[in-house]
Amino acid sequence: MKEVSLLFKDLLTEAVTGFAKEGGLLPGDVPEVQLERPRHEGQGDWASNIAMLMAKRLGLRPRDVAAEIVSRIGTDPHLEKIEVAGPGFINFFVTNLWVRDVLEAAVKGRENYGRSEQGKGKKVQVEFVSANPTGPLHVGHGRGAAVGDMTASLLEYAGWQVEREYYINDAGLQMNLLGQSTQARYFEILGCPEKAPFPENGYKGDYIYELAREVLERDGKVYLDVPLEESFPVFQEHAATTILEGIREDLSRFGVHFDVWFSEKSLYEKGLVDSALSFLKERGHAYEKDGALWFRTTAFGDDKDRVLVRSNGVTTYFASDVAYHKDKFDRGFDLVIDVWGADHHGYVPRMKAAVEALGKDRDALQILLIQFVNLLRGGQQVSMSTRSGEFVTLKEVLDEVGVDAARFFFAMRRCDSHLDFDLELAKKASTDNPVFYVQYAHARIQSIMREAASRKMEIPDPSSVDVDLLLEPEEKALAKRIARFPEEVEKAASELAAHRIAFFAYDLAADFHAFYNAHRVLGVEEPLSKARLCLVEATRVALTNALAILRVEAPERM
RNA sequence: GCGCCUGUAGCUCAACCGGAUAGAGCAACGGACUUCUAAUCCGUAGGUUGGAGGUUCAAGUCCUCUCAGGCGCGCCA
């Protein structure tokens with residue numbers, strides 16, 4: 001349907017420029033012609049507010065301007081009628097010809113229907129989850145995983161070349177704490193906790209005992225007689241790799257796969273942190289004060305400068321992040337998207353500053369802040385903290401509510417909205433969860449297809465069907481919805497709003513269910529049956545593609 | 001104290017770059033299976049978009065103030 005809107009836009013632009021010239025407006029004074037989708041039935045298929053924008057400059061009433069413009073609009077086979085409505089909108093109504101356009105585009109486009117070339121030739125990296133390998137993933141990580149993954153596949157669909165990346169914070173204090181915690185539990189199990197006291201702020205979860213037990217089973221009691229510093233790396237290494245392995249498994253089960261697992265440690269090993277620091281120093285963005293190295297982020301809009309190297313010589317987390325982002329851009333990405341928990345929002349200005357200091361446009365880095373998931377169980381708040389060991393893991397949630405339900409649940413919200421996730425409710429809702437509503441529509445379609453096949457009916461070529469038979473309101477509504485899919489993909493991609501696709505899938509399913517209940521596809525006169533079968537196939541294509549973006553399964557039967 | 005996010009129907013959430021009559025689901029009530037899957041559909045009811053000003057032909061959307069909730073303000077990560 002993109003073509004039709006462009007067609008109308010051209011017709012309208014021509015009329016507007018003609019009228020503007022007569023009215024004595026200079027070309028620079030003519031506002032840009034825009035078409036939008038009206039919200040309500042009866043307001044046409046496309047509408048423009050151009051008359052209201054021009055009215056003031058011309059000193060005329062909006063409706064009069066609209067009437068003048070309309071009188072100058074040419075004819076086209078796709079154009080049924082034009083109306084002036086409300087305060088001065090110009091509404092365009094399409095003829096039934098567009099139905100054939102939609103069917104052709106969807107049925108012939110198949111898995112490519114809805115794809116766009118918006119991001120053609122451009123590379124984007126989406127970095128998400130990136131949880132410290134110090135404990136299992138919890139629900140909050142699950143939301144980040146779902147949003148990041150869906151955003152990535154949405155951009156793929158919009159023509160971008162996409163890479164998914166996980167940044168492993170395997171350097172620094174938290175990893176030490178993890179190793180020490182595991183070590184302490186080892187000695188505790190062996191009955192001599194005094195040999196390695198549990199660190200303050202250590203990780204208290206039960207999984208730490210499990211890790212310690214694994215070391216004990218594998219290596220026995222050998223570390224009893226070894227200095228703590230010597231055995232420490234063994235515990236840290238075992239804990240980190242085991243936990244990371246678990247994270248990979250959880251994500252894989254959740255349907256999330258990364259192209260690159262990027263290690264923070266490797267930044268140091270390759271000297272990338274040092275070279276990033278020299279880069280900043282050479283350009284005068286860094287300076288020494290009180291024995292520390294500072295980054296002048298205030299020059300790029302931050303409220304205070306930030307330390308890169310502490311006076312004790314240790315680099316900050318921020319320093320490795322600057323180096324990491326420099327490396328991202330050095331890898332040639334046109335756009336870099338970071339998916340962060342909203343608790344890191346205070347970090348955004350300095351990261352944007354860093355990007356600018358690196359010589360990039362600050363918009364080349366987009367940060368999606370995922371608001372917290374408020375976990376409830378039967379209305380009762382569940383406190384979550386990795387360190388205290390009190391949390392519900394992503395794995396447990398998947399066990400309870402299932403992968404598709406969890407993904408769709410996260411997909412149905414804007415990422416900057418706070419989210420209540422009630423486990424009891426999610427379990428209870430698993431039968432009337434929106435995801436099953438959508439999947440059920442697909443299963444029904446497939447059921448029609450199976451029945452059609454058993455009756456030796458093939459899906460007709462759209463050019464061979466009589467689209468004028470599709471006149472029922474449910475049929476038109478369904479066709480219109482299908483037609484909007486490509487627009488929705490483009491809109492969602494440019495806004496980085498994957499939730500729009502979930503809502504589209506839901507609305508499409510609703511239109512299909514309404515159609516299904518009102519009309520029969522098989523067992524009516526053949527020409528009508530063929531036309532409807534074609535419409536159903538087009539629905540299947542759009543629904544399948546939308547679910548593919550969300551990575552939610554489209555089942556054959558339920 | 002300063003900053004970011006949020007506030008929409010009883011509950012959970014939508015609403016494209018400011019557009020016309022603010023939409024769904026759940027919960028409530030009343031209907032629809034002899035026919036391609038009733039995990040569905042149709043209908044009824046439900047709103048001063050937290051509040052007050054302002055900008056605009058037009059405000060849930062933009063600006064100012066204010067109230068409430070969440071989060072953040074380190075030479076921590």
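Chain letters run A, B, ... following the sequence lines, proteins first and then strands; every chain starts at 1. For clarity, every value in this text was computed on a predicted model and none was experimentally measured.
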Round to the nearest Å and state the distance from [X] atom [atom1] to [N] atom [atom2].
X: A:Asp302; N: B:C2; atom1: CG; atom2: C1'; answer: 14 Å
X: A:Asp343; N: B:C5; atom1: CG; atom2: P; answer: 15 Å
X: A:Met412; N: B:G25; atom1: CE; atom2: P; answer: 11 Å
X: A:Glu36; N: B:C17; atom1: CD; atom2: C1'; answer: 9 Å
X: A:Asp511; N: B:G23; atom1: CG; atom2: P; answer: 16 Å
X: A:His344; N: B:C5; atom1: NE2; atom2: C1'; answer: 16 Å
X: A:Phe512; N: B:C36; atom1: CZ; atom2: P; answer: 13 Å
X: A:Ile50; N: B:C57; atom1: CD1; atom2: C1'; answer: 14 Å

Give me the distance, rounded to whole Å, that separates [N] from [M] when you measure between the [atom1] atoms they each carry.
N: B:C42; M: B:U21; atom1: P; answer: 25 Å
N: B:C29; M: B:G54; atom1: C1'; answer: 44 Å
N: B:G7; M: B:U49; atom1: P; answer: 14 Å
N: B:U6; M: B:C75; atom1: C1'; answer: 33 Å
N: B:C41; M: B:G53; atom1: C1'; answer: 47 Å
N: B:U8; M: B:U48; atom1: P; answer: 12 Å
N: B:U61; M: B:G50; atom1: C1'; answer: 16 Å

Who is the Watson-Crick or G-U wobble partner of [N], with both distances under 3.5 Å?
N: B:G72; answer: B:C2
N: B:A28; answer: B:U44
N: B:U35; answer: none
N: B:C65; answer: B:G51

Where the side chain of [X] is concerned, which of [options] is the nearest nucleotide?
X: A:Tyr516; options: B:G19, B:C36, B:G23; result: B:C36
X: A:Tyr347; options: B:A77, B:C75, B:G23; result: B:A77
X: A:Asp416; options: B:G74, B:G3, B:U6; result: B:U6
X: A:Arg39; options: B:C71, B:G60, B:C75; result: B:G60
X: A:His513; options: B:U40, B:C36, B:G60; result: B:U40
X: A:Phe503; options: B:G19, B:C36, B:C13; result: B:C13
X: A:Phe89; options: B:G23, B:A20, B:C4; result: B:A20
X: A:Met558; options: B:A39, B:A20, B:C36; result: B:A39
X: A:Arg413; options: B:C41, B:C75, B:A14; result: B:A14

Using a cut-off of 4.0 Å on non-hydrogen atoms, how would the nucleic acid contact of [X] be classed: base, sugar-phosphate, or nothing?
X: A:Tyr440; value: base
X: A:Gln43; value: base
X: A:Ile445; value: nothing

Position toward the 5' end of RNA chain B (nearest nucleotide), A:Ile448 or A:Val307:
A:Ile448
RNA chain B: A:Asp305 or A:Pro62, which has the more 5' nearest nucleotide?
A:Pro62
[N] phosphate, OP1 or OP2, under 4.0 Å from [X] side-chain N/O:
X: A:Tyr437; N: B:C41; answer: yes
X: A:His418; N: B:U12; answer: no
X: A:His499; N: B:A15; answer: yes
X: A:Arg37; N: B:G19; answer: no
X: A:Arg444; N: B:A38; answer: yes
X: A:Tyr317; N: B:A77; answer: no
X: A:Arg310; N: B:C76; answer: yes
X: A:Arg520; N: B:C36; answer: no
X: A:Ser417; N: B:A14; answer: yes
X: A:Arg414; N: B:U6; answer: yes

With A:Arg413 as the cation and A:Phe409 as the aromatic partner, state whether NZ or CZ is under 6.0 Å from the six-membered ring centre and within 45° of the axis.
yes
Do the side chains of A:Lys352 and A:Glu356 get close enough for a salt bridge, i.e. N-O under 4.0 angstrom?
no
A:Glu165/A:Lys328 ion pair, N-O < 4.0 Å
no
Can any side-chain N or O of [X] pair as donor or acceptor with the backbone N or O of [Y] at less than 3.5 Å?
X: A:Trp46; Y: A:Phe8; result: no
X: A:Asn312; Y: A:Val314; result: yes
X: A:Thr316; Y: A:Ala319; result: yes

Taking O4'-C1'-N9-C4 for purines and O4'-C1'-N1-C2 for pyrimidines, is B:C16 syn (within 90° of 0) or anti?
anti
Where does B:C17 land, syn or anti, once you apply the within-90°-of-0 test for syn?
syn
Quick one: closest heavy-atom pair of A:Glu474 and A:Phe515, and the distance?
CB-CA, 3.8 Å
Given the structure, check if the side chain of [X] and the base of [N] hold any donor-acceptor pair shorter than 3.5 Å.
X: A:Asn91; N: B:A20; value: yes
X: A:Thr316; N: B:C75; value: no
X: A:Asn49; N: B:G19; value: yes

Near-ring test A:Phe408/A:Phe436, centroid separation under 6.0 angstrom
no
Working for side chain to side chain contact (heavy atoms under 4.5 Å, CB included), residues A:Arg407 and A:Leu550
CA-CA 8 Å; A:Arg407 284 189 78 105; A:Leu550 303 175; 5.8 Å; no
